[in-house]
Amino acid sequence: MKSICLIGFMGSGKTTLGKELAKKLDAVFLDTDEEIIKWREMDIPEIFQLEGEKRFREYETEVLKGLPQKNTVIATGGGIIEAKMNRDILKNDFFTVYLKTSFEEIKQRLASNKNRPLWNQEMEKKEQLYDSRQYIYEECADQIIQTDDYSAERIVQMIMKSIVQQ
Ligand SMILES: Nc1ncnc2c1ncn2[C@@H]1O[C@H](COP(=O)(O)OP(=O)(O)O)[C@@H](O)[C@H]1O
Ligand SMILES: O=C(O)C1=C[C@@H](OP(=O)(O)O)[C@@H](O)[C@H](O)C1
């Protein structure tokens, strides 16, 4: 099986669904944020604060380049699509699923967020970031799923159905 990359804005469910999907497929689960945290021995807010977002983006590319292209389910960070090289990798090497989620729904899901530095800014800025990324996620995706009205279990079923049809 070609590895599956889940992409989407912060709070779209990449980690939650990725873990469930990996269980169902009996595949390995990896999370690019977790890989960076292990490698750098710092959490994400610390990396943003001490090294800056630009460096964090470089780490994302390094991690993405080293991921297994078979039998793995990967939850990516919401900004993985910012770098052109990452977009090319997502398009060419993985089955990429965009978990499309409305901004209203994301606001509810992340109401008590602490660990996402880019969510800790003014609402207007967050909405601008959300708007600016929508078409980029779509451009990279083999499958797009609107998640607002579906349970994690149902979304996992939708992804499994499309893999079988591959
Ligand atoms: N389909 C869904 N419906 C309702 N809540 C969800 C759904 N998917 C994820 N969530 C919730 O949204 C929050 C963020 O999910 P998470 O998997 O951490 O997102 P991401 O990894 O994309 O940032 C969690 O509290 C999770 O339980
Ligand atoms: O959208 C972004 O730029 C980011 C999303 C986060 O991951 P999640 O999408 O898993 O929250 C994490 O990579 C970092 O805080 C930056």
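FYI, side chains are in, hydrogens and waters are out, and symmetry mates aren't considered; it's all heavy atoms of this structure. We count ligands from 1, going down the list as the structure has it; atoms in each ligand are counted the same way.
Residue contacts with ligand 2, taken as heavy atom pairs separated by less than 4.0 Å, do not involve Glu53 at all. Proximity of Glu82 to ligand 2, defined as any heavy-atom pair under 4.0 Å, is not found for any part of the residue. Only the side chain of Arg133 comes within contact range of ligand 2, with a heavy atom under 4.0 Å; no backbone atom does.
Nearest protein neighbour of atom 21 (O) of ligand 1, counting heavy atoms only, is Thr15 OG1, 2.7 Å. Among protein heavy atoms, atom 15 (O) of ligand 1 sits closest to Thr16 OG1, 3.6 Å. When hydrogens are left out, the protein atom nearest atom 18 (O) of ligand 1 is Arg116 NH2, 3.2 Å; that is the closest non-hydrogen contact. When hydrogens are left out, the protein atom nearest atom 2 (C) of ligand 2 is Gly79 N, 3.4 Å; that is the closest non-hydrogen contact. What sits closest to atom 5 (C) of ligand 2 on the protein, heavy atoms only, is Gly78 N, 3.3 Å. Given atom 6 (C) of ligand 2, the protein heavy atom at minimum distance is Asp33 OD2, 3.7 Å. When only non-hydrogen protein atoms are considered, atom 14 (C) of ligand 1 lies nearest to Gly11 CA, 3.8 Å. Among all protein heavy atoms, the one lying closest to atom 19 (O) of ligand 1 is Gly13 N, 3.2 Å.
When each atom of ligand 2 is checked for a heavy atom of Pro117 under 4.0 Å away, the hits are 15 (O). Those atoms of ligand 1 with a heavy atom of Tyr150 less than 4.0 angstrom away are 1 (N), 2 (C), 3 (N). Taking every non-hydrogen atom of Ile155 and a distance limit under 4.0 Å, the qualifying atoms of ligand 1 come out as 1 (N). Which parts of ligand 2 touch Phe56 is read off a 4.0 Å heavy-atom cut-off, strictly below it: atoms 13 (O). Shown in contact with Arg116 at under 4.0 Å from a heavy atom are these atoms of ligand 2, numbered in order with element: 11 (O). Distances below 4.0 Å separate heavy atoms of Leu118 from the following atoms of ligand 2: 2 (C), 3 (O).
Considering backbone and side-chain N/O atoms, Glu105 never comes within less than 3.5 Å of an N/O atom of ligand 1. Residue-to-ligand polar distances keep Thr15 apart from ligand 2: every N/O pair is separated by 3.5 Å or more.
Donor-acceptor pairing under 3.5 Å is lacking for the side chains of Tyr59 and Glu35. A donor-acceptor contact under 3.5 angstrom links the side chains of Tyr98 and Gln134, judged on distance only. Side-chain polar atoms of Asp148 and Thr101 form no donor-acceptor pair below 3.5 angstrom. Side-chain contact of Glu60 with Thr32: a donor-acceptor pair under 3.5 Å is absent, judged by distance alone. Remark: the Thr16 side chain and the Arg109 side chain contain no N/O donor-acceptor pair separated by less than 3.5 Å.
Ligand 2 is never approached by Trp119 to a heavy-atom distance shorter than 4.0 Å. Not a single heavy atom of Lys126 sits less than 4.0 Å from an atom of ligand 2.
Less than 4.0 angstrom separates atom 25 (O) of ligand 1 from none of the non-hydrogen atoms of the protein.
Atom CD of Gln157 has more than 12 heavy atoms from other residues, nucleotides or ligands within 6.0 Å.
Looking at Arg154, Arg109, Lys19, it is Arg109 that brings a heavy atom closest to atom 12 (O) of ligand 1.
Residue Leu118 comes nearest to Arg57 through the heavy atom pair CD1-NH2, 3.6 Å, listed as atom of the first residue, atom of the second, then distance.
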